[in-house]
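Residue numbers start from 1 in every chain, and the chains themselves are labelled A, B, ... in the order their sequence lines are given, proteins ahead of strands.
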Number of protein chains: 2
Amino acid sequence: TALPAEPRLGSVELPRTLDQLRKAAAACRDRTWSRATIDTKAGLRSMYGPLGGPVVVMGPNNFPFAYNAVGGGDFASALAAGNPVIAKAHPGHPATTRILAEAAREALDGAGLPPASVQLLYHFEQQDGLRLVAHPAVAATAFTGSRPSGLALKAAADEAGRPIYLEMSSANPVFVLPGALDERGDGIAVELFESCTLAAGQMCTKPGLVIVPDGPAGLAFVDRVKTTFEAAEPAVLLGARVLEGLREAEARLARSGAELVAGGRTATGTGFRYNPTLFVLPGREFLKNPSAFQIESFGTLSLIVKAADAAEMAAIAASLEGHLTGSIYSHAGGRDEAAYAALEPALRVKVGRLLNDGMPTGVAVSPAMNHGGPYPATGHPGFTAVGFPAAITRFAALRCYDRVRPDRLPPELRDENPTGSMWRFIDGVWTRGPAGGDATTP
Amino acid sequence: TALPAEPRLGSVELPRTLDQLRKAAAACRDRTWSRATIDTKAGLRSMYGPLGGPVVVMGPNNFPFAYNAVGGGDFASALAAGNPVIAKAHPGHPATTRILAEAAREALDGAGLPPASVQLLYHFEQQDGLRLVAHPAVAATAFTGSRPSGLALKAAADEAGRPIYLEMSSANPVFVLPGALDERGDGIAVELFESCTLAAGQMCTKPGLVIVPDGPAGLAFVDRVKTTFEAAEPAVLLGARVLEGLREAEARLARSGAELVAGGRTATGTGFRYNPTLFVLPGREFLKNPSAFQIESFGTLSLIVKAADAAEMAAIAASLEGHLTGSIYSHAGGRDEAAYAALEPALRVKVGRLLNDGMPTGVAVSPAMNHGGPYPATGHPGFTAVGFPAAITRFAALRCYDRVRPDRLPPELRDENPTGSMWRFIDGVWTRGPAGGDATTP
């Protein structure tokens, strides 16, 4: 993968992956995720439960641990909901996936779960992938990867009526308001550089689109970013396909009228290397063809758009498709409040996570995280791929029990709280306490 | 609509509709529906909010009030989530819809909401409907109606990446276990008759598929149902298309090998009338071609399947597609527990609502209701069309705020509880209390 063993894999990603698995296991034990809802007066009790079939998980190239089809977030979510998993190994790290699958197999044995609860496929033809996600025995699919692959899988799953959760692509727009630019433009340029070069820019939350005010401060910002990009060593990419994608993105941006100001050259050194690359474009040009300039470039390739004024910034936000994140940098002392108020409503509905004064890379595993967003960032604006308990509920069906006899109810819906720690919504109150019995006459 | 003004419309459906609107309004005010989640340690706060565009609502023919595109459950849910609604009137009750739209307009004025928050279209060509649900400015669609129309709309919305919530069709299987049949077969036959003839069988939860044990008790049950069906007056249907659909269903069942035992004749009297119609089929024949025998028949047309034993019953359950409901009648004294245990797991994953000892008609507006189910009953197994707050969340996007300054947060996510009554998930605890401020270093 060309990802450094230290600190990236050993000290960052592996601990994060283990933390994620532990949180999923805790959520699974605690069972709050199932959103048990009890209406004793109506004799109705409902909860989320397994889908009744396996979940296909297809992981991406860029997180061999945290998003691996075995052991990653989707895997943990699908399994925590009680579903078996059919994992598709990414060709970029088959041996890592095998080791994780062996660990999973050991864990299944230890927990007394059926060995087929986790299955692993190394490779199949594209057509077989499309057949798999549409197969009647498959309950749902989780996919993280490129937009073309995601859309092909989505079409197949949609036609078969099978839920599919996609994390496809995002340009992660960053808006820098005039006050912030005056106040700390240099610092923001450094933050941008660091965020863009993290993991050679191969992050789903890499800021690929930056909107700054035109004028002297904006030009100084562009210069500063250009300098940091040019001074950086070319980074080694995950593979040949990533480099091809970046070259295609460069060609598309140039063809569409963006100006290359840094990088774009053939990099020297071993491996598939890439020089941090920067394009610049006036806001009015962006607005003539917004869809051409907000396609994800997977790697350190970003576009800075110079907006004429606050209205043009808001117009750019309104012209966006769905993205995972959106950031707004504003003046600490309140000088940008009017511009923020004009921009935020337009940006808010286009992104899953809105940041203030921060770059989007780094996705905390928190119940309040949304690693999701409107189409085409994902396939549905209501779900997050990261953070428990919400990520688990994606792979669950809502199950209502209507006057079902008490001894036949699942433990989550009986009067007594099955774990003690589980939160349940009982007669309009979220509580860890027991439920009263159902009224005799529903 | 040929639905009686009393008691059906005036004393049953209208009060239910008003109750539903009041509950949606209460949920909207209370704001628990937005599932505000606060992680003060990580500086992350998230909630469900409006989609950023209008929701298209297309109502069915059978509930001129409760499911009307203006004033019905989907309408109330979409509006409660903060979205404008583009309603499509059903051609079966355009004037009712107009009156409801006038009332809605008055309510919007009274509440100071923009007049375009509710828009009404009376008619469009099918192609324009497909364009509408796929339009970039439309955020989502709710549809209740036939499977062919629903699937056509789903294909268009899916391709455009727009969420669509469908309530399409359901046979609502009812399983009668041997002990229950011995104990109270006659009573169950009467319940079945009443459920099948409610609103002339034009209910999405009408039991269209009944599975009973073969043998003398099963045959006596069939006879009893046949007698009640034959004794009933032919009921007036909603319109010509419903009658055509029933004739098509009769022809399909007969062609597939089911035996007609009651009805199936041309009914006399004014209006589009239909005689309660009953078919019977051996379980082994059902299992040879399960998909032919579980298609919804909209009207009083049901199929009784005679199962050879408990294993065949479970096999029939396993061969089901997704349905809204499934019922199991069992012996009150515990004689059917083994058969129940064999049947329930197979049936549970195929239906949204599982009933014990009850017919599925009658859908309570409760937080614990699931009026939904796996495909093709609906388009997604995780959502309910009835019951607040869950029905509202369908029309909402998950919005995360990452280190957003406190005074810029929506009221739901500020430290103070904005309504006092709102439940929020704060640092792992569901509470109506305030949140502590975010940690300074996220």
Checklist line | Closest-packed option against chain A by number of heavy-atom pairs under 4.5 Å, given B:Leu355, B:Val349, B:Leu398 | finding: B:Leu398
Notebook entry, point to check: In terms of heavy-atom pairs under 4.5 Å with chain B, which of A:Pro345, A:Ala155, A:Gly49, A:Gly428 leads?
Noted result: A:Gly428
Next item on the list: Give, as side chain, backbone, both or neither, the part of A:Phe395 having an atom under 4.5 angstrom from any heavy atom of chain B.
Entry: neither
Next item on the list: Tell me, for B:Ala396 versus chain A, whether the close heavy atoms (under 4.5 Å) come from the side chain, the backbone, both or neither.
Entry: backbone
Next item on the list: Step by step, work out the side chain to side chain donor-acceptor pair (under 3.5 Å) result for B:Thr325 and B:Asn172.
Entry: CA-CA 5 Å; B:Thr325 72; B:Asn172 305 299; 2.8 Å; yes
Notebook entry, point to check: Do side-chain atoms of B:Arg31 reach the backbone of B:Glu412 as a donor and acceptor pair under 3.5 angstrom?
Noted result: no
Note to self: I'd like to verify something: which residue of B:Ala368, B:Gly52, B:Ala390 has the highest number of heavy-atom pairs under 4.5 Å with chain A?
What the structure shows: B:Ala368
Next item on the list: Please look at A:Pro376 and chain B and tell me whether the side chain, the backbone, both or neither of the residue comes under 4.5 angstrom of a heavy atom of that chain.
Entry: neither
Note to self: I'd like to verify something: which residue of B:Ser46, B:Pro360, B:Gly53 has the highest number of heavy-atom pairs under 4.5 Å with chain A?
What the structure shows: B:Ser46
Check: Donor-acceptor pair, A:Asp336 side chain versus A:Ala180 backbone, under 3.5 Å?
Finding: yes
Next item on the list: May I ask you to check whether B:Thr361 and B:Ser195 show a side-chain donor-acceptor distance below 3.5 Å?
Entry: yes
Check: Under a 4.5 Å heavy-atom cutoff, which of B:Gly352, B:Ala364, B:Gly322, B:Ala397 has the most pairs with chain A?
Finding: B:Gly352
Item checked: Contact origin within A:Asp357 toward chain B - heavy atom pairs under 4.5 Å -> side chain
Note to self: For B:Tyr48, which atoms come within 4.5 Å of any heavy atom of chain A: side chain, backbone, both, or neither?
What the structure shows: side chain
Checklist line | Option in A:Leu51, A:Thr37, A:Thr431, A:Thr32 with maximal non-hydrogen atom pairs under 4.5 Å from chain B | finding: A:Thr37
Margin query: Around atom CD of B:Glu159, are there more than 12 heavy atoms from other residues, nucleotides or ligands closer than 6.0 Å?
Written below: no
Notebook entry, point to check: Between B:Gly379, B:Ser366, B:Ala139, which has the largest tally of heavy atom pairs under 4.5 Å with chain A?
Noted result: B:Ser366
Next item on the list: For the residue pair B:Asn370 and A:Arg399, confirm or rule out a side-chain donor-acceptor distance under 3.5 Å.
Entry: no
Next item on the list: Could you look at A:Lys154 and say if it's the side chain, the backbone, both or neither that has a heavy atom under 4.5 Å from chain B?
Entry: side chain
Check: Given a strict heavy-atom distance threshold of 4.5 Å, which part of A:Ala160 is in contact with chain B: side chain, backbone, both, or neither?
Finding: backbone
Next item on the list: Verify the distance criterion only: is there a donor paired with an acceptor across the side chains of B:Arg405 and A:Ser330 at less than 3.5 Å?
Entry: yes
Check: Relative to each other, are the rings of B:Phe425 and B:Trp430 parallel, tilted or perpendicular (30° and 60° limits)?
Finding: tilted
Item checked: Most chain A-contacting option - heavy-atom pairs closer than 4.5 Å, from B:Met369, B:Arg45, B:Arg408 -> B:Arg408
Next item on the list: List the steps and the verdict of salt bridge (charged side-chain N to carboxylate O under 4.0 Å, His left out) for A:Glu321 and A:Arg147.
Entry: CA-CA 13 Å; A:Glu321 300 169 351; A:Arg147 197 193 290 192; 3.5 Å; yes
Next item on the list: Indicate whether any N or O donor in one side chain lies under 3.5 Å from an N or O acceptor in the other, for A:Tyr401 and B:Asn356.
Entry: no
Notebook entry, point to check: Who among A:Arg394, A:Glu337, A:Lys350 has the most heavy-atom pairs with chain B under 4.5 Å?
Noted result: A:Glu337
Notebook entry, point to check: Hey, mind stepping through A:Phe388 and A:Ser77 against side-chain contact (heavy atoms from CB on, under 4.5 Å) and telling me if it holds?
Noted result: CA-CA 8 Å; A:Phe388 307 111; A:Ser77 300; 3.5 Å; yes
Margin query: Taking side chain as everything from C-beta outward and backbone as N, CA, C, O, which of these in B:Asp30 sits under 4.5 Å from a heavy atom of chain A? Side chain, backbone, both or neither.
Written below: neither
Check: So, A:Asp402 side chain and B:Leu354 main chain: donor-acceptor pair closer than 3.5 Å or not?
Finding: no
Note to self: Shorter than 4.5 Å, heavy atoms on both sides: which option in A:Leu44, A:Ile38, A:Val351, A:Asp158 has the most such pairs with chain B?
What the structure shows: A:Asp158
Notebook entry, point to check: Between A:Gly373, A:Gly358, A:Gly372, A:Ala332, which residue shows the highest count of heavy-atom pairs closer than 4.5 Å to chain B?
Noted result: A:Ala332
